[in-house]
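None of these values were measured; they are calculated from a predicted model.
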Amino acid sequence: MPKGEGKLIAQNKKARHDYSILDTIEAGVVLQGTEIKSVRNSRINLKDGFVRIRNGEAYLYNVHISPYDQGNIFNHDPLRTRKLLLHKKQIQKLANEAKNPGTTIVPLKVYIKDGFAKVLIGLAKGKREYDKRETLKRKDQERQISRVLKNF
């Protein structure tokens, strides 16, 4: 199965609007206790999430996974940092690319693939305000063209 495919759980649409994505990598996520049950119920929010590399390991920050409803004292902290499972070469590549000014690593999608929670992370470069407007104009023009072609 290609990267980015599986049962889609959550998507970070804000990241595609605010950043231009240069490269994507699929990573596993280390989850504790009832977190996987919450993820399977689509109780996850990627909006403000980002990835940082510390001590040769990648960590996911500010991703909110709501506590599981039927969980008890074994529930987790919703905003805790979560380790990402990547190969050493992938982590080194991301670390080298993220050193460039204006470049960051953001989560794009969370999905279930072969029973495991996966995160599609993207190496992103921030867009300027005029770039965002240009992207919106282009999408609107493409929509209008497709409507006209549909009628013929």
Side-chain angles (χ1 to χ4, degrees), residues 1-71 74-140 142-143:
M1 203 181 288
K3 67 181 178 183
E5 288 190 17
K7 182 181 178 239
L8 184 65
I9 302 297
Q11 197 168 9
N12 191 355
K13 293 180 182 178
K14 186 177 183 223
R16 297 226 184 247
H17 181 264
D18 291 343
Y19 302 100
S20 57
I21 307 301
L22 306 175
D23 190 20
T24 59
I25 295 177
E26 180 181 79
V29 188
V30 176
L31 299 175
Q32 292 180 346
T34 57
E35 283 181 324
I36 187 64
K37 294 182 179 190
S38 292
V39 168
R40 288 187 180 169
N41 288 337
S42 300
R43 311 227 339 131
I44 183 169
N45 185 357
L46 299 174
K47 189 181 277 186
D48 298 325
F50 62 95
V51 176
R52 245 192 218 147
I53 297 177
R54 286 187 310 178
N55 302 328
E57 294 180 339
Y59 291 95
L60 189 61
Y61 290 87
N62 279 356
V63 172
H64 188 276
I65 298 178
S66 299
Y68 185 57
D69 292 335
Q70 283 79 37
F74 300 111
N75 269 336
H76 54 278
D77 178 28
L79 283 174
R80 76 176 186 87
T81 60
R82 293 164 182 92
K83 186 176 175 182
L84 295 178
L85 303 173
L86 291 164
H87 293 286
K88 197 176 212 176
K89 287 182 181 178
Q90 290 175 327
I91 293 173
Q92 289 172 348
K93 179 185 171 195
L94 283 174
N96 289 337
E97 293 290 333
K99 286 180 185 175
N100 297 335
T103 309
T104 186
I105 308 166
V106 293
L108 302 173
K109 292 181 186 178
V110 173
Y111 50 93
I112 302 291
K113 182 176 177 182
D114 299 329
F116 296 104
K118 302 283 184 177
V119 176
L120 186 69
I121 57 175
L123 189 64
K125 190 165 183 74
K127 285 185 184 178
R128 302 234 195 272
E129 193 64 38
Y130 56 84
D131 290 336
K132 294 177 191 177
R133 279 189 243 127
E134 182 64 36
T135 305
L136 290 174
K137 282 182 190 176
R138 194 175 319 116
K139 282 184 182 179
D140 190 41
E142 289 173 3
R143 229 180 274 127

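- The shortest heavy-atom contact between A124 and I21 is CB-CD1, 3.9 Å.
- With rounding to the nearest 0.5 Å, the separation of CG in L123 from OG1 in T104 is 8.5 Å.
- Of all the heavy atoms in N12 and P107, the pair that sits closest is ND2-O, 3.0 Å.
- Listed by chain and number, the residues in a salt bridge (Lys or Arg N to Asp or Glu O under 4.0 Å) with D140 are R143 (sequence neighbours excluded).
- Closest approach of A10 to L46, counting heavy atoms only: O-CD1, 4.0 Å.
- With sequence neighbours left out, R128 forms a salt bridge (Lys or Arg N to Asp or Glu O under 4.0 Å) with no residue at all.
- Interatomic distance, CZ of R80 versus CD1 of I65, reported as 7.5 Å (0.5 Å rounding).
- Nearest heavy-atom pair, L86 versus A58, reported as atom, atom and distance to 0.1 Å: CD1-CB, 3.9 Å.
- In summary, of the residues considered (Q90, K109, K113), a side-chain contact (heavy atoms from CB on, under 4.5 Å) with E26 occurs for K113 alone.
- In this structure, the side chains of V119 and V51 stay at 4.5 Å or more apart for every pair of heavy atoms.
- In terms of modelled atom types and a separation under 3.5 Å, the side chain of S38 and the main chain of S66 share a donor-acceptor contact.
- With rounding to the nearest 0.5 Å, the separation of CZ in R52 from CG in L84 is 13.5 Å.
- Sorted by first and then second residue, the salt bridge (Lys or Arg N to Asp or Glu O under 4.0 Å) pairs involving residues 116-127 (not counting sequence neighbours) form an empty list.
- Between I121 and L94, some side-chain heavy-atom pair lies under the 4.5 Å cut-off.
- Of all heavy-atom pairs spanning V106 and A15, the tightest one is CG2-CB, 4.1 Å.
- Rounded to the nearest 0.5 angstrom, Y61 OH and D48 CG are separated by 15.5 Å.
- Note that CD of E97 is 11.0 Å distant from NZ of K99, once rounded to the nearest 0.5 Å.
- If you take NE2 on H17 and OG1 on T135, they are separated by 7.5 Å, rounding to the nearest 0.5 Å.
- Pairs passing the salt bridge (Lys or Arg N to Asp or Glu O under 4.0 Å) check and including a residue from residues 55-64, sequence neighbours excluded, read E57-K83.
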Given the rule in the side-chain contact (heavy atoms from CB on, under 4.5 Å) test, do I53 and I105 qualify, once you have shown the distances and angles that lead to the verdict? CA-CA 9 Å; I53 297 177; I105 308 166; 4.2 Å; yes
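- The environment of Y68 atom OH is dense: over 12 non-hydrogen atoms of other residues, nucleotides or ligands sit within 6.0 angstrom.
- Partners of K93 according to the salt bridge (Lys or Arg N to Asp or Glu O under 4.0 Å) rule, which considers only residues two or more places apart in sequence or in another chain, are D23.
- The shortest heavy-atom contact between P78 and H64 is CB-NE2, 3.3 Å.
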side-chain contact (heavy atoms from CB on, under 4.5 Å) between V30 and R82, intermediate numbers included: CA-CA 6 Å; V30 176; R82 293 164 182 92; 5.9 Å; no
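- With sequence neighbours left out, the salt bridge (Lys or Arg N to Asp or Glu O under 4.0 Å) criterion links R40 to no other residue.
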